[in-house]
A.B. asks: 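Supplied in structure tokens, the structure appears directly below.
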Amino acid sequence: MEKRSDLMTKGPHRTPHRSLLRADGFTDRELEKPMIGIANSFTEIIPGHMHLDKLAQAVKAGIYAAGGTPVEFNTIGVCDGIAMNHEGMKYSLPSRELIADSIEIMANAHPFDGLVLLASCDKIIPGMLNAAARLNIPSIFLSGGPMLPGRVNNRDVGLDKVFEAVGRFQRGRISQEELREYECSACPGAGSCSGMFTANTMSHLSEALGMALPFNGSIPATYAERTWLAKETGRQAVNLAIQGTKPREIMTKEAFENAMAVDMALGGSTNTTLHLPAMAYYAGLDLSLKDFDFFTERIPHLTSIAPAGPHHVQDLFYAGGIPAIMAELLHNGLIHPHPLTVAAKSIGDMLTEIGAGIKDPLVIRTVDQPVHKTGGLAILTGNLAPDGAVVKQAAVAEEMLKHSGPARTFDSEGEAFQAITGGGIQKGEVLVIRFAGPRGGPGMPEMLSPTSALAGMDLDKEVALITDGRFSGASRGAAIGHCSPEAAFGGPMAAIRDGDIIEIDIPGKTLNLKVSDREIEQRLQAFRFEPKIKTGYLARYASLVSSADKGAVFSI
């Protein structure tokens, strides 16, 4: 069988290449086998990644057992929680493209026969899947798994409750000692933060997309089952390489439709509306923010995972995980059964083979008894967001589903956070954080501090927040993001003035500025955008990146 790795291992003219590979310790037999690259995003600063060095060893064992040769290399990673609310967050989304670029470079400079993509957290997972779509060589994704929840006051808690505790502390509702208890107890060890935040949402959607094996998203990081899955992932990577099954055979339009459907059932992070369109773009497909709208209406919300509800990802695992959700959706004709998976079976056949089904109806509801009759996300349009905006409606209080109030404009997250924690926000206001998109941020920095502060101060049921930036998957409340086109591109967000009335109707899926079209146009004609950063990677990123509704991708 002719292999891709033959370009560096086969024939007399590759003698110098083999000589260098022998310096690495590879033997004749290893050089003859399929060579599987392991793109490992291990770092010692990201909790979701600090154990990936050990998990990579299990992947290698699976590759060796299946007759392949593993070759590990590394990528970068940003911890969104640690980068939150300072300049570091500007680098999180841009890191996605660097990660994809680095994998493309490594996999083409050293022509591996297949790839295992090993990551756990927010932008790193889609960065790796973007690379798989771009390279289109046999690939399989493996997550490091979710963190277990911590315990405070005899209740399960995650990182979202720590951010909210800051707001409660600011209001004098908890003591310094109680705040420290949250700090020391909420994140008990390795894994991606324990709720249905962006990292865990993307891990779960990799299953729905067909690019990861069953339970990839929900097996906790510290469980033995995660090691078993790693070995099986390594074994299957070799099979994919031998069979020649490529990502674009798996990442089809129907597969993306399945992923969007599962996203709605999960009530996942709003950031999926950035990452799924980006993956589709690199796979040669057209998908935008507005395409999610069909699924928000059609797919019921079946789980209530933190921050929207009381459960954590550990509970979802015991309830049957993504296979149970997909089996329930398939039984009701809400997903496609035919898309191929990395298990070398169709979604339908795979679910039948593993006996997928709901094990705990308190955690995973049935379609006829859902948490909500419509999906966890909602796409809003109107004169304030002609190309769309997104809100996690599953995490919005009933009284805020419809809201009208005066605008308070801020041109940075920091300004808004200071106003919130300083007690300068009035009930009924609509906070506007603009120039926070892919170009304007730059880097579309994720915001958890403002939304958590509002929740911690019990203002999330009285104050809305809209932005052309984005929110953490841990955010809750009437937090509307991704308003497109963004202010930096001359979008309507740039025309808002303090006191303008903004009307939000989440059930009606509208977002409007109660100002005449003529007045908006006149205001925008006088607008000029001045980039915040003019040198370095962020300046280059801002000059190349698309709008959020297209996935914040590079068009070249």
A.B. asks: Measure the CD-CG distance between Gln426 and Leu459 for me, rounded to the nearest 0.5 Å.
C.D. replies: 10.0 Å
A.B. asks: Would you call Lys123 and Glu446 a salt bridge, using N to O less than 4.0 angstrom?
C.D. replies: yes
A.B. asks: Would a distance-only check, ignoring hydrogens and angles, find a side-chain to backbone donor-acceptor pair under 3.5 Å from His86 to Ile82?
C.D. replies: yes
A.B. asks: Any side-chain to backbone donor/acceptor pair from Asn200 onto Phe197? Under 3.5 Å, distance only.
C.D. replies: no
A.B. asks: CD1 of Ile125 to CG of Leu205: how many Å apart, nearest 0.5 Å?
C.D. replies: 9.5 Å
A.B. asks: If we ignore angles and hydrogens, is there a donor and acceptor under 3.5 Å between the side chains of Lys514 and Ser404?
C.D. replies: no
A.B. asks: So does Lys461 have more than 12 non-hydrogen atoms from other groups sitting under 6.0 Å from NZ?
C.D. replies: no
A.B. asks: Strictly distance-based, threshold 3.5 Å: is any side-chain N or O of Glu207 a donor or acceptor partner for the main-chain N or O of Asn216?
C.D. replies: yes
A.B. asks: Check whether Arg528 reaches the backbone of Gln525 with its side chain - one donor and one acceptor, N or O, closer than 3.5 Å.
C.D. replies: yes
A.B. asks: Please report the closest heavy-atom contact between Val157 and Ser194, naming both atoms and the distance.
C.D. replies: O-OG, 4.1 Å
A.B. asks: Salt-bridge test for Lys161 and Glu164: reply yes if a basic N is under 4.0 Å from a carboxylate O, no otherwise.
C.D. replies: yes
A.B. asks: Can you measure from CG (Leu465) to CD1 (Ile420) and round to the nearest 0.5 angstrom?
C.D. replies: 6.0 Å
A.B. asks: For residues Tyr91 and Tyr541, determine if any side-chain heavy atom of one lies less than 4.5 Å from a side-chain heavy atom of the other.
C.D. replies: no
A.B. asks: Is Asp498 salt-bridged to Arg408, cutoff N-O under 4.0 Å?
C.D. replies: no
A.B. asks: Just one of Ile466, Ile520, Asn512 clears the side-chain contact (heavy atoms from CB on, under 4.5 Å) bar with Leu384, so which one?
C.D. replies: Ile466
A.B. asks: Against Val391, only a single residue in Leu377, Ile504, Ile480 fulfils side-chain contact (heavy atoms from CB on, under 4.5 Å); can you say which?
C.D. replies: Ile480
A.B. asks: Do any N or O atoms from the side chain of Arg96 and from the backbone of Ala278 form a donor-acceptor pair under 3.5 angstrom?
C.D. replies: no
A.B. asks: Show your working on side chain to side chain contact (heavy atoms under 4.5 Å, CB included) between His204 and Val313 and close with a plain yes or no.
C.D. replies: CA-CA 10 Å; His204 285 92; Val313 180; 3.6 Å; yes
A.B. asks: For Arg470 and Thr270, run side chain to side chain contact (heavy atoms under 4.5 Å, CB included): C-alpha distance rounded to whole Å, both residues' side-chain angles, the deciding distance at 0.1 Å, then the answer.
C.D. replies: CA-CA 8 Å; Arg470 62 194 177 91; Thr270 55; 5.7 Å; no
A.B. asks: What is the distance from atom CE of Met196 to atom OG1 of Thr303, rounded to the nearest 0.5 Å?
C.D. replies: 6.0 Å
A.B. asks: When Leu380 is tested against each of Asp293, Leu511, Asp505 for side-chain contact (heavy atoms from CB on, under 4.5 Å), which residue passes?
C.D. replies: Leu511
A.B. asks: Quick check on side chain to side chain donor-acceptor pair (under 3.5 Å): which of Thr273, Asn258, Thr272 does Asp263 satisfy it with?
C.D. replies: Thr272
A.B. asks: Indicate yes or no for a side-chain donor-acceptor contact from Ser92 to the backbone of Met89 under 3.5 Å, with no hydrogens or angles considered.
C.D. replies: no
A.B. asks: Considering residues, nucleotides and ligands other than Glu399, do more than 12 of their heavy atoms fall under 6.0 Å from its CD?
C.D. replies: yes
A.B. asks: Heavy-atom count check: over 12 atoms from other residues, nucleotides or ligands less than 6.0 Å from Phe317 CZ?
C.D. replies: yes
A.B. asks: Taking atom types as modelled, find out whether Asp387 and Ser547 have a side-chain donor-acceptor pair closer than 3.5 angstrom.
C.D. replies: no
A.B. asks: With a 4.5 Å limit on heavy-atom distance, are the side chains of Glu429 and Pro406 in contact?
C.D. replies: yes
A.B. asks: If you count every heavy atom of other residues, nucleotides or ligands that lies below 6.0 Å from Arg180 atom CZ, does the total exceed 12?
C.D. replies: no
A.B. asks: If you apply the rule side chain to side chain donor-acceptor pair (under 3.5 Å), what do you find for Thr201 with Ser269, and how did you get there?
C.D. replies: CA-CA 6 Å; Thr201 304; Ser269 165; 5.2 Å; no
A.B. asks: Could you tell me whether Arg134 and Asp101 have a side-chain N and a carboxylate O separated by less than 4.0 Å?
C.D. replies: yes
A.B. asks: Going by an N to O cut-off under 4.0 Å, is there a salt bridge joining Glu178 and Arg168?
C.D. replies: no
A.B. asks: For Glu486, does its backbone N or O pair with a side-chain atom of Ser484 as donor and acceptor, under 3.5 Å?
C.D. replies: no
A.B. asks: Hey, could you give me the CE/OG distance between Met251 and Ser206, rounded to the nearest 0.5 Å?
C.D. replies: 10.0 Å
A.B. asks: Take Phe417 and Phe163 through the ring-ring contact (aromatic ring centres under 6.0 Å, His included) test and state the conclusion after the steps.
C.D. replies: CA-CA 12 Å; Phe417 184 68; Phe163 276 90; 9.2 Å; no
A.B. asks: Between Glu181 (side chain only) and Val152 (backbone N and O only), is there a donor and an acceptor less than 3.5 Å apart?
C.D. replies: no
A.B. asks: Within the side chain of Asn271, is there an N or O that forms a donor-acceptor pair under 3.5 Å with the backbone of Phe471?
C.D. replies: yes
A.B. asks: Would you say the side-chain atoms of Asn383 pair up with the backbone N or O of Leu513, donor to acceptor, closer than 3.5 Å?
C.D. replies: yes
A.B. asks: Can you measure from CD (Glu413) to CD1 (Ile433) and round to the nearest 0.5 angstrom?
C.D. replies: 6.0 Å
